[in-house]
Protein chains: 4
Amino acid sequence: MSRRPNTEQRRTEIVNALLVAMAEYGYEKATIQLIAQKAGLAPGLLHYHFKTKVEILLELVKTLVDLSLCRYLEFAESAKTPEQKLHAYINARLANGRGADPKAVTAWVVIGAEAVRQPEVRAVYQKAINSELSLIRGLLTECLKEQRKPTKNASRLAAGLLAYMEGAFQLASAAPDAMPSGYAASVAIELVQRYIEGESQKE
Amino acid sequence: MSRRPNTEQRRTEIVNALLVAMAEYGYEKATIQLIAQKAGLAPGLLHYHFKTKVEILLELVKTLVDLSLCRYLEFAESAKTPEQKLHAYINARLANGRGADPKAVTAWVVIGAEAVRQPEVRAVYQKAINSELSLIRGLLTECLKEQRKPTKNASRLAAGLLAYMEGAFQLASAAPDAMPSGYAASVAIELVQRYIEGESQKE
Amino acid sequence: MSRRPNTEQRRTEIVNALLVAMAEYGYEKATIQLIAQKAGLAPGLLHYHFKTKVEILLELVKTLVDLSLCRYLEFAESAKTPEQKLHAYINARLANGRGADPKAVTAWVVIGAEAVRQPEVRAVYQKAINSELSLIRGLLTECLKEQRKPTKNASRLAAGLLAYMEGAFQLASAAPDAMPSGYAASVAIELVQRYIEGESQKE
Amino acid sequence: MSRRPNTEQRRTEIVNALLVAMAEYGYEKATIQLIAQKAGLAPGLLHYHFKTKVEILLELVKTLVDLSLCRYLEFAESAKTPEQKLHAYINARLANGRGADPKAVTAWVVIGAEAVRQPEVRAVYQKAINSELSLIRGLLTECLKEQRKPTKNASRLAAGLLAYMEGAFQLASAAPDAMPSGYAASVAIELVQRYIEGESQKE
DNA sequence: AATGAATGAGCATTCATTCAT
DNA sequence: AATGAATGAATGCTCATTCAT
């Protein structure tokens, strides 16, 4: 009798097509026509499944946030100590290889620039940043505690690490050849490790 | 030979207007009309002084690079030791206060996203990144030398510091409320200092 | 022969949904999707029961004409004299209260504007106008005859009364607050009565 | 040096083109392309002189209101008595011949239907209706006073006359062939005259 | 140098209609 | 009968660029 809905699948296809198109052309130049073409769909169909173009972008932000969290959980699966978890996190975010997705990284960079001017995008971006900060702060706090170091600087260090990562994404997307190969994860780990070492012991 | 009465000034006005417009609306939405309005000029005049819109953007990149170098030189004026110079550099880039220009920072972030997709922009952006990397590497190398530490990691550390700064710009532009206030410069200095401290002495 | 289970009912539902949608959004903005939603039906179903959108509109015109005639017959049920019938008619069309349907009135106004440009709509609209004119002319003729007045102006007066009513519909739909409350029926009755009084007696 | 603005002229051209297009196709089908074509201009230019399509419509309303007032003043030029003025008004609005503009009438009808659904249009439409009501009320009040009749019904009668006129416009636009030729002005005058005659003398 | 109107390609979005299920 | 996804032409609007003055 009735036709079976396939909206969820179509929405996913469209969001992925935006990811690809944005990584290549940016948000403005990732036109509905182009996204439709990358998804192999008729342009009109995109507006059947999404009310506006920015709604696709908001969905993409969600998708990337989820993806990023999953990737950490995967990397952290066998991690026991706080330090192992922290390294798992940094590697999940910055290491090349296994499942690293340059297009997703570039899309994230473009989203960051859109967050500058589009309030709706900014809102979800900020939410994502806050979640990430919490996650990092937690990981750092555990490391500091284990080494009997004070945790009062955990927030500031977390902010620093997040900045480092966001910048690494930016540079990987826009000036990869200028950067030493594979620096990102290893330098991050060293910086954080030595920062913690440098903290004076609690009494 | 021929007098060019006010061409240079007009160009500067236009470039500054783009800076302001971009910080607020992004590159695509910073229309010629809008830039002209911000500059207090007629729209047609912009194409008299610049062939295309992207040419204004390229000029803006140059301007920002110059500005940024000047700012460092200003901060470093009284610096004697390598360490003082390094701190001067980091403060010039990341500290709030004197002459900090949030709009320029945001414009730079937007430029970074445009570099992802526009080859012409990418070219000048990469050039700027390379210059900056050289500058940082030099500063770090001096610091390491003075402390009789090996300099072989200077490049990788320089890359890390640059990533950190670019990310700090991004987050300051798109999620300022999420970040601890005034973290950027101080955390950067601590991270680098402890990294250097952590380097094993040369023999 | 073949059973048509619910086709008639569905068609009525759809026509009523168009009535409601048009009163709110006009004809063009009363989209198939919107009509379907107001009718609680799937969009595709509308084109099963009606070939095109304008066909629904034509059906609505018929419905409104029928409705309007029924309303008169209802009001005229207890009317004996020609004057009573005329007043019943005017009240049926213009009086507030019992069964007055502002949405139907507004829909009729919108139909009148569509008749300006759509030949198909214009055809049925004109047919409706002609019927109405005949009806009014008949009522007026009876009144004139009874008062032994000449009937040669009946057509022109009928046209005037019809214009008055159509205008009252228009103003009730688009500028209700500007009009004195409840003026429409009573002023119409007075105008017609005094017009007839003013006619010179037949000899 | 600078180019002379011609905006006022262009705006007038565009508004007139909308008038013509709307009389023929209605508001929705009077597309920007079509209006531009009727005006002999490039489509993009319409949005240079008007921000949106509805803004052209609002300007058209103003134009028609002005036109209608001018036409009355012209007709009333030689009118001395209140009755002459009233007749001048009715003839200015309803009589065929001299300067009668069927397209303007039809455009006004279409505007009336747009007022049903577009708040911005409704606002200016209502304002126009209120002005017109005031004008008519004034004319009727003068007539009543002169004949020493009470003026308490002037408002209701004015509303009735306005309704009559709006309806006459509607029918002239959508069903001209159904109406007796030239009925509108003469019947209106008779109706009003006999209404006033029918008012009981003041004591 | 400067103005501001003009152009036209391109954009997101809408929507009647079709169609496989 | 019914569903709801799919289509694609059309729409209002944007905007870099051009150009007559």
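Lettering of chains follows the sequences in order, A, B, ..., and the numbering in each one begins at 1.
- Nucleotide F:dA5 holds its C1' atom 12 Å from the CD atom of A:E13, rounded to whole Å.
- The shortest distance between side-chain heavy atoms of B:R10 and B:Y48 does not fall below 4.5 Å.
- For the pair B:N6 (side chain) and B:Q9 (backbone), a donor-acceptor distance under 3.5 Å is absent.
- Interatomic distance, CG of D:L18 versus CD of D:E13, reported as 14.0 Å (0.5 Å rounding).
- For the pair D:R10 and E:dG4, the criterion of a side-chain N or O lying under 4.0 Å from OP1 or OP2 is not met.
- Residues satisfying the side chain to side chain contact (heavy atoms under 4.5 Å, CB included) criterion with A:T52, sequence neighbours excluded, are A:V54, A:E55.
- Residues that satisfy the ring pair (Phe, Tyr, Trp, His ring centres under 6.0 Å) test with C:Y125, not counting sequence neighbours, are C:W108.
- Applying a 4.0 Å cut-off to non-hydrogen atoms, the residues of residues 40-50 of chain C that approach DNA chain F are C:A42, C:G44, C:L45, C:Y48, C:H49, listed by residue number.
- For the pair B:I35 CD1 and F:dT17 C1', the interatomic distance rounds to 13 Å; values are reported in whole Å.
- Distances shorter than 4.0 Å separate some side-chain N or O of B:T7 from OP1 or OP2 on E:dA1.
- Residue-to-nucleotide proximity on DNA chain E shows that, of C:K53 and A:V54, the 5′-proximal contact is made by A:V54.
- Helical stems of DNA chain E (runs of at least 3 Watson-Crick or G-U pairs, donor-acceptor distances under 3.5 Å) are listed by first residue: E:2-21 with F:2-21.
- No donor-acceptor pair closer than 3.5 Å links the side chain of D:E59 to the backbone N or O of D:R11.
- No side-chain heavy atom of D:K53 sits less than 4.5 Å from a side-chain heavy atom of D:T31.
- In this structure, D:R4 does not reach the E:dA5 phosphate: none of its side-chain N or O atoms is under 4.0 Å from OP1 or OP2.
- Within residues 20-34 of chain D, the residues having any heavy atom under 4.0 Å from DNA chain F are, by residue number, D:T31, D:I32.
- By the 4.5 Å heavy-atom criterion applied to side chains, B:T7 and B:H49 are counted as neighbours.
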Sequence neighbours left out, cut at 3.5 Å: what donor-acceptor pairs do the side chains of residues 110-119 of chain C make with other protein atoms?
{"from": "C:E114", "atom 1": "OE1", "to": "C:R117", "atom 2": "NE", "distance (Å)": "3.3"}
{"from": "C:E114", "atom 1": "OE1", "to": "C:R117", "atom 2": "NH2", "distance (Å)": "3.1"}
{"from": "C:E114", "atom 1": "OE1", "to": "C:Q118", "atom 2": "NE2", "distance (Å)": "2.9"}
{"from": "C:R117", "atom 1": "NE", "to": "D:Y25", "atom 2": "O", "distance (Å)": "3.4"}
{"from": "C:R117", "atom 1": "NH2", "to": "C:E28", "atom 2": "OE2", "distance (Å)": "2.4"}

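- The phosphate of F:dA1 has OP1 or OP2 within less than 4.0 Å of a side-chain N or O from C:N6.
- At a threshold of 4.5 Å between non-hydrogen side-chain atoms, the residues C:L57 and C:M22 count as touching.
- D:K38 places no side-chain N or O within 3.5 Å of a backbone atom of D:I14 that could act as its donor or acceptor partner.
- In this structure, the CG atom of D:L57 is 12 Å from the P atom of F:dC13, given to the nearest Å.
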